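First up is the structure itself, then whatever we jot down about it.
Remember, it's 1-based here, ligands and their atoms both numbered in the order they're listed. For clarity, every value in this text was computed on a predicted model and none was experimentally measured.
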Amino acid sequence: MATEGRKPLISGNWKMHHNHFEAIQTVQKLSYQLTSADYRAVDVSVHPPFTDLRSVQTVLDADEIPISLGAQHCHWEDKGAFTGEVSPLMLAKLDVAYVIAGHSERRDLFGETDEMVNAKVKAIIAAGMTPIMCVGEHLEEREAGVTEERVSSQVRAGLAGVTSEQVAAMVIAYEPIWAIGTGRTATPDDAQAVCAAIRKVVGDAVSTEAASAVRIQYGGSVKPTNTAELMAQDDIDGALVGGASLDPDDFSRIVQYHLAE
Ligand code: 13P
């Protein structure tokens, strides 16, 4: 795991699952399972759909639960004629701490480009929140041996014009697309190799300070049974969890990987 100074961040991306009643129940059950020792060891965020954010925020606030609220997406403009979109300022007003930018589902299904991801990263930071910028290769790219090239170009484009201090405080999630929701996980060695390559690109493109401070998550079929070995890798500082984060028992076991250390 993670060098001194990079506190692990385990994030649950609920995608388009859980209505606001289910979201409240999930976060409450999660809070019963997690202890102050867990929160000392690991930062935890949950990323429900937009319609759940206010309800989840109210529960976290009222019960003083130290789980950070996250969003899955936002627009880069503060306001305007963008039907269906949500602005970073609206999320910040709801005490959202982390916003995912450039998830592969947004890139592949909704046409998000590297330029859009870069605009969002800057807007999220400007609104006082932390971006979790996702990068990752398709199966054909992995098979063609261009994984690092693909991921490096996403990192460079996504971080263009972001300052060293800002990059140091943000999160990059490496999610190999072929491992998302498929039950296939990158081996810890493969995941480590790509995360190390990402850190190197940040060093080359931004600064060595930013490279040693930026937190890099792995995502793609993370489960209670594989978290500890992924988290044991030097350049993996957290996990971005999809399917297994919907169940509070599974997600709390993932957060509690640190007990096995
Ligand atoms: P799964 O954990 O379901 O593979 O999803 C990963 C992911 O896309 C998280 O953002």
Answer yes or no for Ala244: is there a heavy-atom contact with ligand 1 below 4.0 Å?
no
Checking heavy atoms under 4.0 Å, the part of Ala179 that sits near ligand 1 is backbone
State whether a side-chain donor-acceptor pair under 3.5 Å links Asp52 with His18.
no
Per-atom contacts, ligand 1 versus Ile180 - under 4.0 Å to a heavy atom:
4 (O), 5 (O), 6 (C), 8 (O)
For atom 2 (O) of ligand 1, what's the nearest protein heavy atom and its distance?
Gly242 N, 2.9 Å
Atom 3 (O) of ligand 1: closest protein heavy atom, distance to 0.1 Å, is Gly243 N, 2.8 Å
How close does the nearest protein non-hydrogen atom get to atom 7 (C) of ligand 1, and which residue and atom is it?
Glu175 OE2, 3.1 Å
If you measure only the distance, is there a donor-acceptor pair under 3.5 Å linking the side chains of Trp178 and Glu137?
yes
Do the side chains of Asp237 and Lys7 get close enough for a salt bridge, i.e. N-O under 4.0 angstrom?
no
Lys/Arg N to Asp/Glu carboxylate O, Lys29 vs Asp249, below 4.0 Å:
no
Taking Arg199 for its side chain and Asp235 for its backbone only, find out whether a donor-acceptor pair lies under 3.5 Å.
yes
Minimum heavy-atom separation for Glu77 to Pro88, with atom names?
O-CD, 3.4 Å
Looking at ligand 1, does any of its N/O atoms fall within less than 3.5 Å of an N/O of Lys15?
yes
To atom 4 (O) of ligand 1, the nearest of Gly181, Ala173, Ser104, Gly219 on a heavy-atom basis is Gly181
Distance under 4.0 Å to a non-hydrogen atom of Asn13: what atoms of ligand 1 satisfy this?
9 (C), 10 (O)
Ligand-side contact atoms (ligand 1) for residue partner Ser221, heavy atom cut-off under 4.0 Å
1 (P), 2 (O), 4 (O)
Is a donor from one side chain sitting under 3.5 angstrom from an acceptor on the other, for Glu149 and Ser152?
no
